[in-house]
Amino acid sequence: MIQALRGMKDLLSPNSQRYIYFVENCSRIAKNYGYEYIETPILEETALFKRSVGESSDIVGKEMYQFIDKGNNDVCMRPEGTAGVVRAFIQQKFDRAGVKKKFFYHGPMFRYERPQKGRLREFHQFGVESFNQANIKEDATIILMLKEMLDFFGIGYKLELNSLGCSECMPKYKEKLVNFLQDEDDICDDCKRRRDTNPIRVLDCKVKSCQEIYQDAPLLLDNLCSTCRDDFTQLKSILDKFDVKYTINPKLVRGLDYYNKTAFEFVSDEIGAQSAIAGGGRYDKLVEYLDGKPTSGIGFAMGIERLIDLIVMSETAREGYYIGALCDEASDLCFELAINMRKTKKVNLEYNKKSLKAHLKNADKQNARYCVCVGEDELAKDLVWVKDLQNKEEKSITANELLG
RNA sequence: GUGAGUGUAGCUCAGUUGGUUAGAGCAUCGGGUUGUGGUUCCGAGGGUCGUGGGUUCGAUUCCCAUCAUUCACCCCA
């Protein structure tokens, strides 16, 4: 038997219904905020992700679905959504036009990892990206939009917030941190590696002994320049005003290299060891990194699989028709009836003749609202028998009445 | 990549201290005398006991390998 590759799942009912429900409503909300749908290719040049996500990240370091195609191109299945959208933004020359643009997207992402609860090799994200809105109000707006989405689905969460500083204060801070780390020999091997590649990542190391050492480490939040500090203060006050609960996590570091200033993560404790259900932040340098004109950007992405388990969906009401023949002679009529009715109604047809009891059972199992049967009695009188499975009323009517 | 657990019917799982024809519940199909569902009763079909090798008179059971899967680490959505 051939089965799906490790970490790749088929999407079937009822999860497929949840998936559509989730994407449709997130799209609706994003449109209300002025976002437009964008779809970018799943396959991109590998260099795109190396330059945007960053060589120092685990995603690029060991998790990419990367291969050489038949034209000898180094290509990669996208591990996240932002890079492709930014590439498209630049390719369309929106950076040169200097226009504000807001996009939302959803689709599959690929990371070559060992699967576990809430973590797949092929998973799906819903995300948004907003370009050329340097105002801190945009940071707040994007968080409010994300909160609105999660609230709509009744999903519980905690919001964690941090500021990573800008190109002015971040390098200075990084230097300070490296100096601090220089004297520490008791940190774990991973942290020693991070000290050279991406020192800020040591802060969210999960090794206890490391965390004890970092108690005294300089924090980003204490080293922000005045602009970043003011923006962060303003962001907090907007969130307060709109009743968004959050906790400041000075050690929150996003896994992708391109973030600066506002960084946030929505977490849940109901989905196993993987707690992040959505994450995002600002990336004001990314467009430049990818050869565009300097353009600010901010966005977030949600992990759809992690979220749809948490969605509470109302029970689906009985819907549509079930049609079945009680004798062989009626089977052609039932077939014709079903084909015609389907122009306006949902119809499930049973091809085999069965007892009335069997048909009713089937109709009930399929959650149909009406059960339609045709047998010898009906054929003789040129009628069809219809029962409303919800209020149990039954009657015999003509085929035309049923079509209308 | 590392570690631990699990692979017996479509699904959830019993079971065999190694011994004839391997069990249950749910699901499926049929039936409970004339054409009435979501609750019942009866019956039926369906399993190379993950795969390969080893020990043994005999393995689904013990041993080894392998594959798959789950959870966790790492990291992330």
Side-chain angles (χ1 to χ4, degrees), chain A residues 1-9 53 56-64 78-82 106-127 146 150 157 188-191 193-194 198 201 204-207 252-256 259 264-268 271-281 299-310 318 322 324-327 330 352-371 373-379 385-394 396:
Chain A
M1 180 181 66
I2 295 176
Q3 49 180 336
L5 294 171
R6 176 179 306 211
M8 310 217 171
K9 289 250 166 75
V53 177
S56 71
S57 71
D58 275 36
I59 293 177
V60 170
K62 56 182 190 187
E63 295 172 1
M64 293 221 288
R78 64 182 184 194
E80 58 98 49
T82 302
H106 51 84
M109 307 294 163
F110 301 83
R111 293 183 197 172
Y112 198 88
E113 309 178 81
R114 280 290 281 276
Q116 68 186 74
K117 194 173 175 60
R119 203 180 69 183
L120 294 164
R121 287 186 172 180
E122 182 187 22
F123 63 103
H124 296 76
Q125 287 189 335
F126 183 101
L146 181 46
L150 297 175
Y157 57 83
C188 69
D189 290 346
D190 280 335
C191 280
R193 178 176 51 79
R194 287 190 274 242
N198 194 356
R201 291 223 51 107
D204 65 348
C205 178
K206 293 198 177 71
V207 178
L252 171 69
V253 178
R254 313 285 355 275
L256 290 66
Y259 286 111
F264 57 89
E265 212 163 82
F266 283 71
V267 297
S268 163
I271 53 169
Q274 264 61 42
S275 58
I277 51 179
F300 68 72
M302 293 183 267
I304 300 182
E305 281 83 355
R306 289 183 185 178
L307 254 7
I308 56 178
D309 282 346
L310 305 175
R318 286 189 176 281
Y322 169 99
L326 299 167
C327 58
N352 299 315
K353 96 166 182 202
K354 284 185 192 299
S355 68
L356 182 64
K357 180 177 181 151
H359 281 314
L360 282 163
K361 251 183 183 167
N362 280 348
D364 182 54
K365 245 175 297 182
Q366 293 175 15
N367 211 27
R369 173 75 193 266
Y370 302 98
C371 179
C373 288
V374 184
E376 285 162 5
D377 298 358
E378 285 74 24
L379 283 178
W385 179 88
V386 184
K387 178 165 185 175
D388 184 330
L389 296 183
Q390 199 161 292
N391 57 29
K392 302 180 188 189
E393 284 170 13
E394 51 183 279
S396 289

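- Considering only side-chain N and O atoms, A/Lys365 lies nowhere under 4.0 angstrom from the phosphate OP1 or OP2 of B/A27.
- The distance from atom CD of A/Gln3 to atom C1' of B/G50 is 10 Å, rounded to the nearest whole Å.
- Base contact: A/Asp364 has a heavy atom under 4.0 Å from a base atom.
- Checking A/Glu265 against A/Arg318, the closest nucleotide of RNA chain B that is more toward the 5' end is the one next to A/Arg318.
- Using a 4.0 Å heavy-atom cutoff across all strands shown, A/Glu113 reaches at least one base atom of the nucleic acid.
- Atom CD1 of A/Ile277 is separated from atom P of B/C75 by 21 Å (rounded to the nearest Å).
- Side chain A/Lys357 to base B/U36: no donor-acceptor pair is found below 3.5 Å.
- Distance check on atom C1': B/A68 versus B/G50 gives 7 Å, rounded to whole Å.
- At a cut-off of 3.5 angstrom, the base of B/A77 holds at least one donor-acceptor pair with the side chain of A/Arg111.
- Nucleotides B/U55 and B/U8 place their C1' atoms 23 Å apart, quoted to the nearest Å.
- Residues A/Ala276 and A/Trp385 each lie close to RNA chain B; by heavy-atom proximity, the contact nearer the 5' end of the strand is made by A/Trp385.
- Across all strands shown, A/Lys353 has no heavy atoms under 4.0 Å from either base or sugar-phosphate atoms.
- OP1 or OP2 of B/U70 has not a single side-chain nitrogen or oxygen of A/Gln116 nearer than 4.0 Å.
- Closest non-hydrogen pair, A/Leu150 versus A/Phe266, comes out as CD1-CD2, 3.4 Å.
- Between B/A9 and B/G47, the two C1' atoms lie 5 Å apart (nearest whole Å).
- Side-chain contact between A/Glu122 and A/Lys9 is absent, with no heavy-atom pair separated by less than 4.5 Å.
- Across all strands, A/Glu378 comes closer than 4.0 Å to base atoms (heavy-atom distances).
- Scanning all heavy atoms of the two residues, the minimum distance from A/Arg318 to A/Ala368 falls at NH1-O, 2.9 Å.
- In this structure, A/Ile271 reaches neither bases nor backbone, as no heavy-atom distance under 4.0 Å exists between it and the strands shown.
- Interatomic distance, A/Leu326 CG to A/Trp385 CH2, rounded to the nearest 0.5 Å: 8.5 Å.
- Interface remark: the A/Glu63 side chain does not form any donor-acceptor pair with the B/G1 base, using a distance-only criterion of under 3.5 Å.
- Rounded to whole Å, atom P of B/G37 lies 17 Å from atom CD of A/Glu393.
- Counting only Watson-Crick and G-U wobble pairs whose two key distances fall under 3.5 Å, RNA chain B forms stems of three or more stacked pairs at B:1-7 with B:67-73, B:10-13 with B:23-26, B:28-32 with B:40-44, B:50-54 with B:62-66.
- Nearest approach of A/Pro115 to A/Arg121, heavy atoms of both residues: CD-NE, 4.4 Å.
- Atom-to-atom, CD1 of A/Ile59 to P of B/C76 comes out at 7 Å; the value is rounded to the nearest Å.
- We find that NZ of A/Lys9 is positioned 13 Å from C1' of B/A68, with the value rounded to whole Å.
- The separation between A/Asn362 atom CG and B/G37 atom C1' is 10 Å, rounded to whole Å.
- Nearest nucleotide to the A/Leu326 side chain, out of B/C76, B/A68, B/G35: B/G35.
- Looking at every heavy atom in both residues, A/Gln125 comes nearest to A/Glu80 through OE1-CA, 4.2 Å.
- Counting distance only, with no hydrogens placed and no angle test, the side-chain atoms of A/Lys392 and the base atoms of B/G38 include a donor-acceptor pair under 3.5 Å.
- The same atom, P, is picked in B/G37 and in B/U48; the two are 37 Å apart, to the nearest Å.
- The distance from atom CZ of A/Arg114 to atom P of B/A4 is 12 Å, rounded to the nearest whole Å.
- As a whole-Å value, the separation of A/Arg121 CZ from B/U70 P is 11 Å.
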